[in-house]
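Quick notes on the structure that follows.
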Amino acid sequence: MINKVVPNATAAIAGLESHMTVLFGGFGLCGIPENAIAAISKTDITGLTCVSNNAGVDGFGLGILLENRQIKKMISSYVGENAEFERQMLSGELEVDLVPQGTLAERCRAAGAGIPAFFTPAGFGTEVAEGKEVRWFNGKPHILEHAFDAPFAFVKAWKGDEAGNLIFKGTARNFNPVMAMAGKITVAEVEELVPAGTLDPNEIHTPGIFVQRIFQGEKFEKRIEQRTVRTR
Amino acid sequence: MINKVVPNATAAIAGLESHMTVLFGGFGLCGIPENAIAAISKTDITGLTCVSNNAGVDGFGLGILLENRQIKKMISSYVGENAEFERQMLSGELEVDLVPQGTLAERCRAAGAGIPAFFTPAGFGTEVAEGKEVRWFNGKPHILEHAFDAPFAFVKAWKGDEAGNLIFKGTARNFNPVMAMAGKITVAEVEELVPAGTLDPNEIHTPGIFVQRIFQGEKFEKRIEQRTVRTR
Amino acid sequence: MLDKNGIAKRIAKEMQDGWYVNLGIGIPTLVANFIPENISVEFQSENGILGMGPFPFDGEEDADLINAGKQTITALPGAAIFDSALSFAMIRGQHVQMTVLGAMEVSETGDIANWKIPGKMVKGMGGAMDLVASAENIIVAMQHTNRAGESKLLKTCTLPITGVRCVKKIVTDLAVLEVDPDGKGFRLLERAPGVSVEEIVSKTAGQLIIEGDIPEMVL
Amino acid sequence: MLDKNGIAKRIAKEMQDGWYVNLGIGIPTLVANFIPENISVEFQSENGILGMGPFPFDGEEDADLINAGKQTITALPGAAIFDSALSFAMIRGQHVQMTVLGAMEVSETGDIANWKIPGKMVKGMGGAMDLVASAENIIVAMQHTNRAGESKLLKTCTLPITGVRCVKKIVTDLAVLEVDPDGKGFRLLERAPGVSVEEIVSKTAGQLIIEGDIPEMVL
């Protein structure tokens, strides 16, 4: 068994440098690597290109790194919930690349799977297709999209073992498995770190081969963005 | 919940006709849809094109359909363990298309994922690449491969529920999830069929959306091809 | 004229037994409340769940169980959870039979614009481009006119589009319309209760096809 | 001269701590028995398991737990199971650092032929084409000559190839050779115990690069 355990978030982000491209798991505030983000926010790393489906909210998630001006560019599918984001974008301080959500997921999965490019129908005829190769298959137009890898990926799981195997909980899974595949160094933070042999090999969502470092997060706030309930 | 349960293997293969292309899960004899194969062997369906990583052995797995002369063509990555197969192939009765194993898996996954074509490095410079588009990415040659779907897929799982959700056991998972994705009608046979709500949504390997029919197999022989053991 | 719930109720009648359906944010979300009792449909949310149930009871919210609108939800018996790549595999691979979503504009050939207004803050397309490029049944739920009273059913979209020739039906506060598959225009199928054909004509900027008597919709 | 176990033992020394390794059928399988105790490597089998362990004890075989050679196996602590698409994602995506496999022929530029002999029954390439096109370290384990005594290290392969310019090292019963990255030929690195450079020269048909003294290998 190859042991991937590092002591904490600070050790886990070692080697991360300014101006790198970094992948983040999570959807909204669900399943985001809170501890890695906190550790990055304490460094003077800046100029990051962040690939993440969303951009956090004011004061939480990637919103923390935005407030610190550590992010130069966001590559996301939806960035709606963040006033500071809006300010930086409109002022030109922040670059934004918008990518269809399914294309974003598939480009990261492709990077991890050694597929350098693939055809997808999403975005044909729209701005997203500008400059891209178009080809028809089965009577339907498709555009060529390229794999998207990065030197670092930060993901968050529910349980993980020393070998880096991960199990996610509920819809906190979302982008985490694909980002884990696409990172050259993938750092996983987990709510519960267990010895190898504890998890059932049959129930692993992300095999340890995709994870280079793993640690148990000190604290998980797990904020809810839209608390919606019904009455009994 | 959409109920996918059918009473038995005979009901499950309804609509299968001669000369169709059919996908089969399994690797060697591990995780093969034994009950569906048995049901097909009792029909006079013939001229099938079977997509399966392997072709069974004499008298078991797809070997049964080969002996019955129900298969016109095999699309596989490895077909070594079958004397009747060899005889039919060398006599020209059986057509064989050999596809690299990873390309076979990815082509089926792509079909299920709405990706009509993708680039892979596997097979560049070999017979497999003949007539295929070559393109270089990151200094490395790749060939364009196309998605592979079919009107029917037969897969085998360990547990399944009424909604068609599947959980596989051990390496009997193999090609089953990708074949399930690629079938227009995917038929799953399971060792244990349970009511919806019994399986943890977090532990599903193949979501029910990829399964159109499910039944509990009458009998699973689960033959071992190479019994290898060590002494205590 | 229909209110939001009326639009949702009418769209619910488009569902077929055994369909998997993706509902967008806004009016589309309301559709879940009106599924006929004699059919089974299952809701997919693109962040990674099939078999999405209603909002949780107060106090039972789970931060790890949300929908694509980031709302807390529940999972029904038979639900399954998966990652974003598999979620969009379901969508792109047309395993999800129907998508219901809102729009700012729809063109008479079925183009849809619903993600970007030049000059305004652009929040992004989310999964909308993947959804409209994929499902066989794209139903738009929207008001017939915008706040300025201008038709949202146009000859061609003026806003940046989300997808081309993809919308199949449109249900508005005034009417049910089908996009002619040969690109001839919006075929008027039904009038909302109390709405005249003349009103629909006056509020539809794109080509409108009116053949025979147009029935009032039955909800 | 090395026997099969000797070849496997020498290849085991190529492993680096933390590597994921795919072992082919035959001599490569034996490599698992000789991993140095001070390093951790994990074995991947392309049918869908990481953390493959030894054969089960008699009576503990599980039909649902096999390797790519269809042999019954066990899973070590920390193992993970996955489907064929994810398995080849690991391989193609170069997450598996090393592949060891057998060959019928290797060319001096690193082409490998190991799947097809014209005129004979063709069993198929299995996962070999994906494996050789992907891993950074492709090590070939084979006899230096075939049964007819002819060299298997050639200028160009005569059999249909499995992959081009992919083999990095070759360990035979006679020698360890590196394929020159600029295509200049087989660089002789080590002699097997008791084997002379002259013997290796006489049994190597492709270009052989011999620089300085060639040490006898230490096992």
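In what follows, chains are A, B, ... by sequence order, proteins preceding strands, each numbered from 1.
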Discussion item. If we ignore hydrogens and angles and just use 3.5 Å, is the side chain of E162(A) paired with the main-chain N or O of A196(A) as donor and acceptor?
Written reply: yes
Item to complete: Enumerate by number any residue of residues 154-175 of chain D whose heavy atoms lie under 4.5 Å from heavy atoms of chain A; in the absence of such residues, state 'none'.
Response: none
Worksheet item: Roughly how far, to the nearest 0.5 Å, is SG of C50(A) from CZ of F152(A)?
Response: 13.0 Å
Worksheet item: Does any donor atom in the side chain of S151(D) or H144(D) lie under 3.5 Å from an acceptor atom in the other side chain?
Response: no
Worksheet item: Any side-chain donor-acceptor pair under 3.5 Å between Q97(D) and N137(D)?
Response: no
Discussion item. Using a 4.5 angstrom heavy-atom cutoff, name the option from R92(D), Q94(D), Q44(D) with the most pairs to chain A.
Written reply: R92(D)
Discussion item. So which atom in G48(D) and which in S87(D) form the shortest heavy-atom distance, rounded to 0.1 Å?
Written reply: N-OG, 4.1 Å
Item to complete: Look only at the side chain of E108(D) and the backbone of Q207(D), and say whether a donor-acceptor pair between them is shorter than 3.5 Å.
Response: yes
Worksheet item: Any residues in residues 111-123 of chain A near chain D, with a heavy-atom distance under 4.5 Å, and which are they?
Response: G112(A), A113(A), G114(A), I115(A)
Worksheet item: Ring centres of H95(D) and F210(A) under 6.0 Å apart?
Response: yes
Worksheet item: Just wondering, more than 12 heavy atoms not from K4(D) lying within 6.0 Å of its NZ?
Response: no
Worksheet item: Is the side chain of Q216(A) donor-acceptor paired with the backbone N or O of L193(A) at a distance under 3.5 Å, no angle test?
Response: yes
Practice prompt. Please check if the side chain of T186(A) supplies one atom and the backbone of A180(A) the other of a donor-acceptor pair under 3.5 Å.
Written response: yes
Worksheet item: Non-hydrogen atoms of chain D under 4.5 Å away: do they reach the side chain of I209(A), the backbone, both or neither?
Response: both
Response to the item:
Okay, N202(A) and chain D: the region with an atom under 4.5 Å from a heavy atom over there is both
Item to complete: Heavy atoms only, distances under 4.5 angstrom: which of P207(A), G197(A), P201(A), G164(A) has the most pairs with chain D? Name it, please.
Response: P201(A)
Worksheet item: What residues of residues 12-47 of chain A sit under 4.5 Å from chain D when you count only heavy atoms?
Response: none
Discussion item. Is it true that, when you exclude K9(D) itself, more than 12 heavy atoms of the residues, nucleotides or ligands shown sit nearer than 6.0 Å to its NZ?
Written reply: no
Worksheet item: Would you call the rings of F168(A) and H205(A) parallel, tilted or perpendicular if under 30° counts as parallel and over 60° as perpendicular?
Response: parallel
Item to complete: Would you confirm whether R191(D), through its side chain, and I214(D), through its main-chain N or O, come within 3.5 Å as a donor-acceptor pair?
Response: yes
Fill in: Atom CE of M1(D) with >12 non-hydrogen neighbours under 6.0 angstrom
no
Practice prompt. Kindly check if the number of other-residue, nucleotide or ligand heavy atoms within 6.0 Å of CG (N138(A)) is above 12?
Written response: no
Fill in: Interface moiety of V41(D) toward chain A, non-hydrogen atoms closer than 4.5 Å
backbone
Discussion item. Looking at K152(D), I want to see if its NZ is surrounded by more than 12 non-hydrogen atoms of other residues, nucleotides or ligands under 6.0 Å.
Written reply: yes
Item to complete: Could you check if a side-chain atom of K140(A) sits within less than 4.5 angstrom of a side-chain atom of F124(A), using non-hydrogen atoms only?
Response: no
Worksheet item: Has E218(A) got more than 12 heavy atoms of other residues, nucleotides or ligands less than 6.0 Å from its CD?
Response: no
Discussion item. If we define contacts as heavy-atom pairs under 4.5 Å, which of T198(A), T206(A), N165(A), I204(A) has the most with chain D?
Written reply: N165(A)
Worksheet item: Considering only heavy atoms, which portion of A85(D) lies under 4.5 Å from any heavy atom of chain A: side chain, backbone, both, or neither?
Response: both
Worksheet entry | E190(D) vs R10(D), salt bridge (Lys or Arg N to Asp or Glu O under 4.0 Å): CA-CA, chis, key distance, verdict | CA-CA 10 Å; E190(D) 298 171 21; R10(D) 177 59 191 80; 2.8 Å; yes
Item to complete: Select all residues of residues 49-78 of chain D having any heavy atom within less than 4.5 Å of some heavy atom of chain A, and report them by number, or 'none'.
Response: L50(D), P77(D), G78(D)
Fill in: Distance in Å, S40(D) OG paired with W19(D) CH2, rounded so as to fall on 0.5 Å steps
14.0 Å
